[in-house]
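Chain naming here is simple, since letters A, B, ... match the order of the sequence lines and numbering starts at 1 in each. Predicted, not measured: the structure shown is a model, and the values here were computed from it.
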Number of protein chains: 2
Amino acid sequence: MEKAKDDPVDLEIIVRDEPAGHKSELRLWLRLLSTVNMITQEIRQRLRAEFAITLPQFDLLAQLDRAREGLRMGDLSKRMMVSNGNVTGLIERLETDKLIVRDFDPVDRRVIVAKLTPLGIAKFRIYSKAHEGWLADMFADVDPVTAKALMKHMATMKGSVAAHLTRGA
Amino acid sequence: MEKAKDDPVDLEIIVRDEPAGHKSELRLWLRLLSTVNMITQEIRQRLRAEFAITLPQFDLLAQLDRAREGLRMGDLSKRMMVSNGNVTGLIERLETDKLIVRDFDPVDRRVIVAKLTPLGIAKFRIYSKAHEGWLADMFADVDPVTAKALMKHMATMKGSVAAHLTRGA
DNA sequence: TCGAACTATTTCAAATTTCAATGATCTTCG
DNA sequence: CGAAGATCATTGAAATTTGAAATAGTTCGA
């Protein structure tokens with residue numbers, strides 16, 4: 001006796017789980033997102049309260065600190081994962097504050113390279129140390145084993161995501 | 001023969017690890033952040049391309065979809081982890097599009113409750129299904145064991161962070 | 001070498017976002 | 001009751017952010 005496609009039980013399951021039961025992925029995503037948001041807001045608030053600097057500006061300084069020879073606007077945009085126009089505005093404000101400078105590339109005159117000034121380096125050193133301390137505080141109850149597992153599993157997840165992007169497949 | 005504090009090797013380690021060796025926390029944070037950014041940008045782009053809706057608007061609709069009886073502006077603000085003023089602007093645009101409505105609370109006239117319209121419910125249902133599918137795609141290479149471990153470990157991390165916030169301890 | 005196709009950056013409009021200040025309403029307590 | 005203090009939401013200014021269009025410069029093939 002055949003059953004399959006007309007089995008009422010199967011239909012019931014299908015209806016309840018429309019359309020493909022991806023709830024667990026959604027839950028994982030929401031947990032990831034809310035945790036990151038929580039941390040982000042805490043850092044934003046502390047940067048403002050203690051150093052009167054915004055989080056996006058801190059992020060940009062951090063990129064330049066890691067690349068002392070400077071970065072092109074486009075590279076900054078890619079590394080920060082924000083739009084080109086966004087970087088232009090941030091750079092303008094930081095240049096006004098004398099924390100960075102813009103230099104034209106003599107070889108390719110379309111290219112602009114931004115780098116930290118000595119003042120920018122000095123100030124970021126201070127911000128950066130505090131920032132690391134805040135993270136260590138917030139992660140204090142995460143034991144090393146858990147942290148290590150997270151590093152590994154997040155690498156897996158990041159790889160999966162990167163492999164399934166619409167654009168940069 | 002005593003050694004300890006004058007041991008050159010120990011000093012070397014200390015110097016290299018100034019000021020308190022929180023590099024591993026920083027690395028974990030950056031990995032978390034970049035992964036979430038990658039996913040966020042992908043979802044933002046797909047929402048725009050396929051449904052002509054912005055990510056913040058989708059997020060707000062999602063909150064209201066989970067609370068069919070409606071939410072106060074302040075609750076929306078807390079759940080979305082954004083400022084009060086931000087929610088006001090988002091709600092105004094969504095109200096213009098007839099996706100949500102605002103009602104005064106008859107008991108407490110300071111309170112405003114936002115809820116989905118039937119149109120909002122119908123449209124969000126479509127957006128939501130697509131959204132879940134995109135997540136499932138992006139997480140396709142994350143095996144269930146890894147996913148389960150991530151759920152658990154992210155709960156630990158979220159708890160640690162929540163316990164060490166400046167504000168809402 | 002000319003011009004079409006690319007590439008790097010800026011510009012612009014609209015939306016988002018924060019933070020502080022304001023307005024309106026409630027609550028409490030003398 | 002009635003004012004001080006607390007709560008809820010909006011407003012306004014400045015910064016951030018996106019996405020598309022515009023600018024300027026480079027490259028490469030006919």
**Student:** When you compare the protein's N or O atoms with those of nucleotides 17-19 of chain C, which come within less than 3.5 Å of each other, and at what distance?
**Tutor:**
unit_1 : atom_1 : unit_2  : atom_2 : d
C:dT17 : OP2    : B:Asn86 : ND2    : 3.4
C:dT17 : O5'    : B:Asn86 : ND2    : 3.0
C:dT18 : OP1    : A:Gln41 : NE2    : 2.9
C:dT18 : OP2    : B:Ser83 : N      : 2.7
C:dT18 : OP2    : B:Ser83 : OG     : 3.3
C:dT18 : OP2    : B:Asn86 : ND2    : 3.4

**Student:** Between C:dA24 atom C1' and B:Ile112 atom CD1, what is the distance in whole Å?
**Tutor:**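 In whole Å, C:dA24 C1' lies 11 Å from B:Ile112 CD1.
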**Student:** Suppose the criterion is salt bridge (charged side-chain N to carboxylate O under 4.0 Å, His left out): which pairs have a residue in residues 32-53 of chain A, not counting sequence neighbours?
**Tutor:**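 Only A:Glu42-A:Arg46 qualify under salt bridge (charged side-chain N to carboxylate O under 4.0 Å, His left out).
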**Student:** Which whole-number value in Å describes the distance from B:Ile91 CD1 to D:dT10 P?
**Tutor:** 8 Å
**Student:** Given atom CG of A:Leu60 and atom P of D:dT17, what is their separation to the nearest angstrom?
**Tutor:**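 These atoms are roughly 10 Å apart.
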**Student:** For D:dA24, take OP1 and OP2 only and decide whether either is under 4.0 Å from a side-chain N or O of A:Arg109.
**Tutor:** no
**Student:** Tell me which donor-acceptor pairs under 3.5 Å the side chains of residues 133-143 of chain A have, and how far apart each pair is, sequence neighbours excluded?
**Tutor:**
unit_1   : atom_1 : unit_2   : atom_2 : d
A:Asp143 : OD1    : A:Thr146 : OG1    : 2.6
A:Asp143 : OD2    : A:Val145 : N      : 3.2
A:Asp143 : OD2    : A:Thr146 : N      : 3.1
A:Asp143 : OD2    : A:Thr146 : OG1    : 3.4

**Student:** When the ring planes of A:Phe124 and A:Phe58 are compared, do they come out parallel, tilted or perpendicular, using 30° and 60° as the limits?
**Tutor:** tilted
**Student:** Tell me which of A:Leu55 and A:Pro106 sits closer to the 5' end of DNA chain D, going by the nucleotide each one is nearest to.
**Tutor:**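 Closest to the 5' end, via its nearest nucleotide, is A:Leu55.
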**Student:** Without swapping roles, check the side chain of A:Asp97 against the backbone of A:Leu99 for a donor-acceptor pair under 3.5 Å.
**Tutor:** no
**Student:** Would you say A:Lys115 and A:Leu64 make side-chain contact, with heavy atoms under 4.5 Å?
**Tutor:**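 When only atoms from C-beta onward are counted, A:Leu64 and A:Lys115 do not touch, as no gap falls below 4.5 Å.
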**Student:** Could you check how far CG of B:Asp59 sits from P of C:dA15, rounded to whole Å?
**Tutor:**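 Distance check: B:Asp59 CG to C:dA15 P gives 17 Å.
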**Student:** Roughly, in whole Å, what's the span from CD in A:Glu92 to P in C:dC12?
**Tutor:**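 After rounding, the reported distance stands at 11 Å.
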**Student:** Could you check whether B:Val113 gets within reach of a base, just the sugar-phosphate, or nothing at all, counting any heavy atom under 4.0 Å?
**Tutor:** nothing
**Student:** Counting side-chain heavy atoms from C-beta on, which of C:dT10, C:dA15, D:dT10 comes nearest to B:Gln57?
**Tutor:** C:dA15
**Student:** Atom CZ of B:Phe104 and atom C1' of D:dA9: how far apart are they, to the nearest Å?
**Tutor:**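 So the two atoms are 10 Å apart, to the nearest Å.
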**Student:** What closest approach, in Å, do A:Met80 and A:Pro56 show between heavy atoms, and which atom pair accounts for it?
**Tutor:** CE-O, 3.9 Å
**Student:** So, does the side chain of B:Arg110 form a donor-acceptor pair with the base of D:dT7 at under 3.5 Å?
**Tutor:**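 It does, because a donor-acceptor pair links the side chain of B:Arg110 to the base of D:dT7 below 3.5 Å.
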**Student:** If you define the side chain from C-beta out and look only at heavy atoms, does anything of B:Asp65 sit under 4.5 Å from B:Tyr127?
**Tutor:**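 A side-chain contact is absent here, since even the closest heavy-atom pair is not under 4.5 Å.
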**Student:** Which whole-number value in Å describes the distance from A:Lys78 NZ to D:dT18 P?
**Tutor:**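 About 15 Å, once rounded to whole Å.
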**Student:** Measure from CG on A:Asp108 to P on D:dG25 and round the result to the nearest Å.
**Tutor:** 10 Å
